[in-house]
Amino acid sequence: MERDDPDRVVSAGFHERVAAVVRTVPAGRVTTYGDVATVLGSPQVARHVGWALAAMDRPDVPWHRVINAQGRISARGDTGRVEVQHARLVAEGIRFDASGRVDLRVFRHRFEVD
DNA sequence: GGTTTGACCATAA
DNA sequence: CTTATGGCCAAAC
């Protein structure tokens, strides 16, 4: 990471691009890591999307609207964040089924596809 | 500077 | 449904 200033969030170009994309997701909608990665250029960088989001604690980035391709909230070990993310999505109108999954057919945001 | 890891994904069994 | 595997690439160690 940037060993210069821990306070100065991030300056990595990748993270910034991820932030820019995630910011375009409107409330009441969700997107997936793969989708964000695809918009960035390659669907294979999905892992980095999640990785980048982990470094973004800024309020201007709706990171909670980013879930995995299975319509589920991902949290490798840190379950605390999952509850917050789930609560935020529900508050925005996202509906989860009994299995805790989101219907991507309905809530998945399309990135300006013509 | 090589190895491990990771908020993933698709596919196979 | 779950588990395993390969892939891709940047950060962390």
Side-chain angles (χ1 to χ4, degrees):
Chain A
M1 280 303 208
E2 286 66 86
R3 65 215 176 192
D4 300 309
D5 272 325
D7 289 26
R8 179 175 297 210
V9 195
V10 64
S11 39
F14 198 87
H15 291 186
E16 200 168 304
R17 280 194 281 170
V18 173
V21 173
V22 175
R23 249 179 321 205
T24 66
V25 180
R29 290 270 175 86
V30 295
T31 189
T32 69
Y33 301 96
D35 278 3
V36 174
T38 302
V39 172
L40 290 178
S42 301
Q44 354 239 65
V45 298
R47 306 181 80 163
H48 306 289
V49 175
W51 200 96
L53 289 177
M56 281 189 262
D57 288 326
R58 352 193 290 188
D60 57 308
V61 179
W63 51 269
H64 52 274
R65 298 188 192 137
V66 184
I67 58 181
N68 62 20
Q70 303 171 6
R72 289 186 139 158
I73 300 175
S74 299
R76 214 164 170 138
D78 191 0
T79 53
R81 177 166 51 223
V82 177
E83 296 182 31
V84 175
Q85 186 167 1
H86 176 272
R88 278 185 164 185
L89 291 177
V90 172
E92 291 185 351
I94 307 295
R95 301 215 287 174
F96 290 78
D97 68 2
S99 303
R101 288 195 299 191
V102 177
D103 192 343
L104 291 177
R105 300 171 307 174
V106 178
F107 298 106
R108 182 181 180 188
H109 172 60
R110 297 187 180 183
F111 292 101
E112 308 160 33
V113 282
D114 281 14

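All values below come from the heavy atoms of this structure, side chains included, with hydrogens, waters and symmetry mates left out.
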Between [options], which one does the side chain of [X] approach most closely?
{"X": "A:Trp51", "options": "B:dA7, B:dC9, C:dA11", "answer": "C:dA11"}
{"X": "A:Trp63", "options": "B:dC9, B:dA7, C:dC8", "answer": "B:dA7"}
{"X": "A:Tyr33", "options": "C:dA11, C:dC9, B:dA7", "answer": "B:dA7"}

statement: From the list A:Thr32, A:Asp103, A:Asp35, side chain to side chain donor-acceptor pair (under 3.5 Å) with A:Arg108 holds only for A:Asp35

- request: Step through the shown structure and confirm whether more than 12 heavy atoms of other residues, nucleotides or ligands are within 6.0 Å of CZ on A:Arg23.
  value: yes

message: For a quick check of understanding: with a heavy-atom distance under 4.0 Å over all strands, which category does A:Gln70 fall into, base, sugar-phosphate or nothing?
response: nothing

task: Under 4.0 Å between any heavy atoms, over every strand shown, what does A:Ala69 touch: base, sugar-phosphate, or nothing? Just pick one.
output: sugar-phosphate

Using atom [atom1] of [X] as one end and atom [atom2] of [N] as the other, report the distance to the nearest whole Å.
{"X": "A:Arg88", "N": "B:dA7", "atom1": "CZ", "atom2": "P", "value": "19 Å"}
{"X": "A:His48", "N": "C:dC8", "atom1": "NE2", "atom2": "P", "value": "11 Å"}
{"X": "A:Gln85", "N": "B:dA7", "atom1": "CD", "atom2": "C1'", "value": "8 Å"}
{"X": "A:Leu53", "N": "C:dA11", "atom1": "CG", "atom2": "C1'", "value": "15 Å"}
{"X": "A:Leu40", "N": "C:dC9", "atom1": "CG", "atom2": "C1'", "value": "13 Å"}

- request: Output yes when at least one side-chain N/O atom of A:Arg101 is less than 4.0 Å from OP1 or OP2 of C:dC1, else no.
  value: yes

- request: State whether the side chain of A:Glu92 and the backbone N or O of A:Pro26 hold a donor-acceptor pair below 3.5 Å, judged by distance alone.
  value: no

message: Using only atom types and a distance under 3.5 Å, with no angle test, would you say the side chain of A:Arg81 pairs donor to acceptor with the backbone of A:Ala54?
response: no

field: B:dG1 versus C:dC8 - spacing of their P atoms, nearest Å
entry: 24 Å

message: Between C:dC9 and A:Arg47, counting only base atoms on the nucleotide and side-chain atoms on the residue, is there a donor-acceptor pair under 3.5 Å?
response: no

